[in-house]
Amino acid sequence: KKDGSGTRPYSDRAHRMPPQPRAIGQRRQGPGARENPRMERSWTLRRVIPSDADMVAAHGCFRPEDAECRPAYAQWVKPKIGTGTYLGWFAVEDGVVVGGAGVVLLDWGPTRGNPGGQMARITNVFSAESHRRQGISKALVATLLDHLDAQGIGEVRLGATEPAREMYRSLGFTEYAAEMRRVRQP
């Protein structure tokens with residue numbers, strides 16, 4: 001049911017998506033493989049495309065109090081997907097999006113620790129409540145990291161909820177407390 005904004009209201013259930021021709025279902029292989037052999041995968045991963053902007057916005061603005069931001073987020077992210085400055089993947093099971101994750105590429109400028117100057121910020125990590133604890137988020141983030149590694153982007157940051165911290169640690173992330181934040185209220 002539409003809410004008049006052009007996007008579907010968020011729910012914590014899986015989201016139905018039409019099949020996409022760019023589906024990628026290969027699993028990570030090699031010495032750095034990060035897969036739990038006890039988990040049978042019933043889903044595949046595919047890259048997001050510009051027409052997925054509403055779904056990406058639903059993941060990015062998932063809280064009910066953020067619902068009014070979804071149309072603006074979708075409008076912002078759609079061209080970013082097209083230009084490759086937002087990279088995202090969905091986990092799809094039987095045509096239903098059951099998870100997603102993305103990364104925003106930032107032209108940060110060269111620094112001592114990052115002479116290449118490009119940095120990435122992981123965002124919109126999501127798995128449907130019915131599909132949690134199945135390795136979906138970890139597989140999505142690992143896919144993002146593989147893609148960033150292939151592009152030579154070594155500095156990656158993210159915000160992590162307490163329950164997700166152990167997963168991120170297992171992927172090589174460490175706490176970084178040197179930042180502060182200011183949000184100006186309208």
Starting from the C-alpha separation in whole Å, work towards a yes-or-no answer on side chain to side chain contact (heavy atoms under 4.5 Å, CB included) for Glu155 and Arg121.
CA-CA 9 Å; Glu155 186 168 352; Arg121 176 118 182 135; over 6 Å; no
Review point. Stepwise, does the side chain to side chain contact (heavy atoms under 4.5 Å, CB included) test hold for His147 with Trp89?
Key: CA-CA 11 Å; His147 191 80; Trp89 275 262; 3.7 Å; yes
Q.
Determine whether Val56 and Asn124 satisfy the following criterion, side chain to side chain contact (heavy atoms under 4.5 Å, CB included), listing intermediate values before the conclusion.
A. CA-CA 7 Å; Val56 171; Asn124 303 336; 3.6 Å; yes
Open item on the list: With side chain to side chain contact (heavy atoms under 4.5 Å, CB included) as the criterion, how do Thr123 and Val103 come out once you've worked through the C-alpha distance, each side chain's angles and the decisive distance to 0.1 Å?
Closed with: CA-CA 6 Å; Thr123 185; Val103 64; over 6 Å; no
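Taken to the nearest 0.5 Å, the OG1 atom of Thr83 stands 9.5 Å off from the CD1 atom of Ile81. Note: Gln118 CD to Leu148 CG = 8.5 Å, rounded to the nearest 0.5 Å. Here Tyr168 contributes atom OH and Thr174 contributes atom OG1; the two are 14.0 Å apart, rounded to the nearest 0.5 Å. Put simply, CH2 on Trp43 and CZ on Phe90 are 14.5 Å apart, with the number rounded to the nearest 0.5 Å. Taking CE of Met55 as the start and CZ of Arg70 as the end, the distance is 11.0 Å to the nearest 0.5 Å. With values rounded to the nearest 0.5 angstrom, Ser42 atom OG is found 7.0 Å from Ile136 atom CD1.
Side-chain contact, Tyr73 with Asp54: no donor N or O sits under 3.5 Å from an acceptor N or O.
Below 30°, between 30° and 60°, or above 60°: for Trp76 and Tyr86 the angle between ring planes is above 60°, a perpendicular geometry.
With respect to Met119, the side-chain contact (heavy atoms from CB on, under 4.5 Å) criterion is satisfied by exactly one of Leu105, Ile153, Leu106: Leu106. A side-chain hydrogen bond (donor to acceptor under 3.5 Å, both in side chains) with Asp52 is found for one member of His59, Lys78, Arg46, Arg47 and no other, namely Arg46.
The shortest side-chain heavy-atom distance between Leu145 and Phe173 falls under the 4.5 Å cut-off. In this structure, the side chains of Ile122 and Arg157 stay at 4.5 Å or more apart for every pair of heavy atoms.
Atom CD of Glu68 is surrounded by 12 or fewer heavy atoms from other residues, nucleotides or ligands within 6.0 Å.
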